[in-house]
Amino acid sequence: MNNQGFFNRVYEVVKEVPYGRITTYGAIAAYLGSKGAARMVGWALNGSYTSEENIPAHRVVNRSGLLTGKRHFGGTEVMKQLLESEGVIVEEDRITRFDELFWDPAEHL
DNA sequence: GGTGTGACCAGCT
DNA sequence: AAGCTGGCCACAC
C-alpha cells in the first residue's frame with residue numbers, strides 16, 4: 001500500500017518517529033530497501049514542508065547526528081529549538097546522546 | 001525518455 | 001588530518 005512512492009514512505013516513517021527521538025537518513029533509506037538512497041530521503045523531506053501533513057523533519061539528521069538540513073527549516077535555530085523543545089539536547093548543530101536518542105525504523109516497524 | 005538534482009555516505013588524494 | 005570527488009537512488013522538468 002505505501003509502495004506508491006518513495007517519498008510517501010519516507011513521510012510515514014518520519015511521522016512514526018516517537019517524541020524526543022531522532023533517526024538518520026541512512027537508516028530510513030536502508031529500511032526502505034535503498035541503502036544508497038540516503039540523498040533521496042533528504043529530498044523527500046524537502047517536499048515534506050509542501051506536504052499537507054506535518055512532517056517532523058527536525059527529527060531526521062545525518063549519520064553523525066548533525067543537523068544538516070537545518071537551513072531548510074527557514075532558520076538554523078528553528079530546528080534546534082524544536083529538538084530542545086522535545087527534550088533533545090542540541091549542541092553545535094549536533095544531537096547529543098545521539099546513540100541513545102537514535103530511533104531505528106526497522107526496529108520499530 | 002534523457003538530464004539534472006538533492007537536507008548523504010564512503011572512499012580516495 | 002582534512003578536503004574533495006564519485007556513487008547511489010528516486011523524482012521533476
Side-chain angles (χ1 to χ4, degrees):
Chain A
M1 294 207 248
N2 22 4
N3 279 346
Q4 293 179 350
F6 200 92
F7 278 37
N8 205 344
R9 296 186 70 180
V10 173
Y11 300 148
E12 291 298 316
V13 174
V14 176
K15 286 190 297 185
E16 287 297 316
V17 177
Y19 180 91
R21 287 296 191 92
I22 54 171
T23 187
T24 68
Y25 302 98
I28 298 173
Y31 170 70
L32 295 178
S34 303
K35 184 184 178 188
R39 308 179 81 187
M40 193 65 271
V41 178
W43 205 359
L45 292 176
N46 184 17
S48 69
Y49 112 95
T50 26
S51 180
E52 300 175 356
E53 303 292 333
N54 183 14
I55 313 297
H58 59 272
R59 293 181 187 157
V60 185
V61 295
N62 70 344
R63 72 174 186 94
S64 303
L66 192 69
L67 308 182
T68 50
K70 61 180 198 265
R71 46 173 147 181
H72 280 276
F73 279 80
T76 58
E77 299 180 4
V78 177
M79 191 171 187
K80 181 179 177 181
Q81 286 263 327
L82 288 169
L83 288 169
E84 290 187 339
S85 197
E86 298 185 356
V88 180
I89 312 298
V90 179
E91 238 177 73
E92 298 290 317
D93 299 334
R94 146 187 83 155
I95 305 290
T96 60
R97 309 283 209 263
F98 172 69
D99 297 343
E100 298 178 7
L101 297 175
F102 174 72
W103 179 83
D104 192 340
E107 185 178 329
H108 184 73
L109 305 175

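Computation of the quantities below employed the complete heavy-atom set of this structure, encompassing side-chain atoms and omitting hydrogens, waters and symmetry-equivalent molecules. Chain letters run A, B, ... following the sequence lines, proteins first, then strands; residues in each count from 1.
- When rounded to the nearest whole Å, the span between CE of A:Met40 and C1' of C:dA10 equals 5 Å.
- The side chain of A:Tyr25 lies closest to B:dA7 when the candidates are B:dA7, B:dC9, C:dA10.
- When the nearest nucleotides of DNA chain C are assigned to A:Phe7 and A:Ala38 by heavy-atom distance, the more 5′-ward of the two goes with A:Ala38.
- Taking every side-chain heavy atom of A:Ala37 into account, C:dC9 is the closest of B:dA7, C:dC9, C:dA10.
- Closest of all the heavy-atom pairs between A:Asn62 and A:Thr24 is O-CG2, 3.6 Å.
- Across the protein-nucleic acid pair, A:Leu45 atom CG and B:dC8 atom P stand 10 Å apart, rounded to whole Å.
- Across all strands shown, A:Ala57 has heavy atoms under 4.0 Å from base atoms, whether or not it also approaches the sugar-phosphate.
- Summarising the geometry, the separation between CD1 on A:Ile28 and C1' on B:dG6 is reported as 15 Å, rounded to the nearest angstrom.
- Of the candidates C:dC11, B:dA7, B:dC8, the closest approach to any side-chain atom of A:Asn62 belongs to B:dC8.
- One finds no side-chain N or O of A:Arg39 lying less than 4.0 angstrom from the OP1 or OP2 phosphate oxygen of C:dC11.
- Here the shortest heavy-atom pairing between A:Thr76 and A:Arg71 reads CG2-CA, 4.5 Å.
- Rounded to an integer number of Å, the gap from A:Asn46 CG to C:dC9 P is 21 Å.
- Proximity of A:Leu67 to A:Phe73: side-chain heavy atoms (C-beta onward) are nowhere separated by under 4.5 Å.
- Using cut-offs of 30° and 60° for the angle between ring planes, the A:Phe98 and A:Phe102 rings count as tilted.
- In this model, the phosphate group of B:dC8 is approached by a side-chain N or O of A:Thr68 to a distance below 4.0 Å at OP1 or OP2.
- To the nearest angstrom, C1' of C:dA10 lies 7 Å from CZ of A:Phe6.
- Rounding to whole angstrom units, CG of residue A:Asn8 and C1' of C:dA12 are separated by 17 Å.
- At whole-Å resolution of the value, OH in A:Tyr11 and P in B:dA7 are 14 Å apart.
- Remark: A:Lys15 engages A:Glu12 in a salt bridge, criterion side-chain N to carboxylate O under 4.0 Å.
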